[in-house]
Amino acid sequence: VEVINTFTHIVGEPYVLIGSGLEDYTTDWRKRTLGKALAVVLPGNTQEVAKVVKVCIAHNIPIVPQGGNTGLVLGGIPDNSGRQLILSLKRLHHIRNIDVANACITVEAGCTLISIQVAAKKAQWFFPLSMGSEGSCTIGGNLATNAGGTQVLRYGTTRDLCLGLEIVTPQGEVLDDLSALRKDNTGYDLRHLLIGSEGTLGIITAASLKLFPLPKTKSHVWLALTDTHLVLDLLVIARQRLGTYLSAFEVMNTFSLKLVRKHYPEIAIPLLSDGKDYPWYVLLEVSDTTTITNLQPVLQAFLEDTLKDSIVSDIAIAQNLQQSQHFWKIRESIPLAQSREGLNVKHDIALPSAQIPIFVTQTDLLLSKEFRDIRIVNYGHWGDGNLHYNIQCPEGTDPKTFLAEYETNINQMVYAQVAKYRGSISAEHGIGGLKRRALQGYKSPVALAMMRTIKKALDPKNILNPGRVL
Ligand SMILES: Cc1cc2nc3c(=O)[nH]c(=O)nc-3n(C[C@H](O)[C@H](O)[C@H](O)COP(=O)(O)OP(=O)(O)OC[C@H]3O[C@@H](n4cnc5c(N)ncnc54)[C@H](O)[C@@H]3O)c2cc1C
């Protein structure tokens with residue numbers, strides 16, 4: 001009680017939540033895991049964050065930093081001990097500054113991703129980070145997980161978009177590194193250490209982010225293909241021929257689209273109809289920032305050649321903004337349709353692009369031999385070598401029972417295949433609590449030892465997000 005009063009004193013009574021009704025903070029997005037928190041504390045500024053951390057150190061209270069709670073690896077919810085404190089950054093939601101001369105925006109960690117996109121656009125600039133959860137996820141969470149999303153092909157991951165951070169250290173000190181310099185080689189790059197550290201090395205309270213010219217022209221094409229090798233051919237040619245125009249290359253297998261059709265029948269899916277569907281579909285986006293552009297003729301010639309060379313079998317071109325948005329809506333409805341279909345086994349993996357066709361063919365075969373009638377939902381940002389290779393249980397089977405029996409085996413088989421082709425068991429979602437054990441098996445022991453040394457040096461009391469990542 002005493003410590004709760006201290007938190008109340010720091011942040012104000014409405015911003016310390018205890019007791020029942022905390023499920024939005026304690027349950028993960030997939031509704032698979034429910035934790036138990038000592039309290040949820042919502043500071044209103046960086047100084048309050050620092051004070052809360054100091055109180056936690058004094059009372060040995062583990063802290064779980066939380067943004068929008070859209071993470072998919074159990075990194076932002078507490079365990080079920082009831083001892084961990086959720087430190088929600090949601091009230092730090094101000095855009096601090098837009099610096100046109102330096103093409104950068106400085107924002108607080110609790111800003112939702114969409115609010116940053118909107119603020120940039122209002123100022124006639126573009127912030128390219130984009131993903132299905134952008135209405136709820138926060139930039140603090142994006143940075144803490146080094147999120148990827150749909151525009152990595154051209155603009156890079158969140159790491160590539162960040163010029164500086166403000167953080168509260170595990171000792172409750174504030175580090176202001178928001179000068180947003182594009183060049184600064186004064187020793188170890190702490191910003192990059194914090195990005196992707198999933199709340200284990202510091203609490204991000206603000207960030208300076210790169211802005212880009214607003215795309216003036218955009219086109220979206222929906223392509224149907226018959227084979228993974230052809231998808232790879234298409235990617236290679238798209239990179240060569242479309243160059244910097246190419247801004248997204250998303251691939252979906254037929255089953256992932258059939259799930260969308262089943263759960264969202266109002267969403268029409270181009271080139272997918274009974275009796276005429278293809279194994280693979282690609283959503284390709286091209287854009288240009290100038291109005292005097294060659295984009296349309298370049299795209300037209302590219303599409304004609306891919307048809308002529310039988311790389312693609314059919315093409316639908318979005319005729320207007322509404323159709324473009326519709327194409328994206330289909331893609332973004334896949335994870336939602338999967339949730340509606342029921343519990344599933346998710347893998348967010350990365351592979352060298354050239355190995356994707358063999359990986360998919362072999363792994364599909366291995367899994368369907370071992371687990372009859374399983375359904376594979378395979379989609380993702382193939383342009384970055386990132387697959388969401390997910391397994392839905394056989395139709396008519398109880399997902400809970402299926403997962404309890406087979407999830408571990410399925411994970412082992414998929415990750416062994418990933419290791420065989422020198423891929424990664426986490427492309428963009430992170431490790432959190434979910435993949436912590438798997439990390440021990442698939443990361444180099446030398447790298448793990450260095451990571452443990454860093455964690456111990458920066459957070460010797462193991463106050464920040466214990467039990468996640470390491
Ligand atoms: C429908 C859907 C689509 C998605 N699509 C993508 C995608 O395309 N690409 C992708 O990469 N991810 C995707 N995700 C995953 C998720 O949205 C991202 O990981 C996102 O970056 C998490 O942000 P958040 O604010 O919700 O973080 P949370 O879930 O609250 O937290 C995630 C992790 O970051 C830590 N953390 C949060 N805020 C801070 C902070 N301020 N300081 C320090 N640590 C912090 C937490 O402790 C936790 O470990 C998707 C999720 C959903 C539900």
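Order of listing sets the numbers, starting from 1, for every ligand and every atom in it. What you see below is based on every heavy atom in this structure, not just the backbone, and it leaves out hydrogens, waters and symmetry mates.
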Less than 4.0 Å is my threshold; does some heavy atom of [X] fall inside it relative to ligand 1?
X: Arg30; value: no
X: Val64; value: no
X: Gly149; value: yes

Structural part of [X] in contact with ligand 1, heavy atom criterion under 4.0 angstrom:
X: Thr138; answer: both
X: Arg468; answer: neither
X: His429; answer: side chain
X: Leu72; answer: side chain
X: Leu89; answer: side chain
X: Asn465; answer: side chain

_By the definition side chain to side chain contact (heavy atoms under 4.5 Å, CB included), identify the one residue from Ile63, Asn462, Leu464 that meets it with Pro170._
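Result for side chain to side chain contact (heavy atoms under 4.5 Å, CB included) with Pro170: Leu464.
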Give yes or no for whether the N/O distance cutoff of 3.5 Å, strictly under, is met between [X] and ligand 1.
X: Gln66; result: no
X: Gly202; result: no
X: Cys137; result: no

*Would you please indicate if the ring centroids of Tyr389 and Phe359 are separated by under 6.0 Å?*
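Centroid separation for Tyr389 and Phe359: below 6.0 Å.
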*Which value, rounded to the nearest 0.5 Å, describes the distance between Lys51 atom NZ and Glu48 atom CD?*
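If we round to the nearest 0.5 Å, Lys51:NZ and Glu48:CD are 7.0 Å apart.
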*Look at the side chain of Arg375 and the backbone N and O of Cys393, then say whether any donor-acceptor pair between them is shorter than 3.5 Å.*
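Looks like yes, one N/O pair under 3.5 Å.
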*Enumerate the atoms of ligand 1 whose separation from the nearest heavy atom of Gly141 is less than 4.0 angstrom.*
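This gives 21 (O), 23 (O), 24 (P), 25 (O), 27 (O), 37 (C), 38 (N) as the contact atoms.
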*Proximal atoms of ligand 1 relative to Gly71 (non-hydrogen, under 4.0 Å)*: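 Those qualifying, in numeric order: 26 (O), 29 (O).
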*Just checking, any donor-acceptor pair under 3.5 angstrom between side chains of Ser287 and Arg154?*
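Yes.
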*Does the cation-pi check pass for Arg331 over Tyr379, that is, NZ or CZ under 6.0 Å from the six-membered ring centre and within 45° of its axis?*
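Not satisfied by the 6.0 Å and 45° rule.
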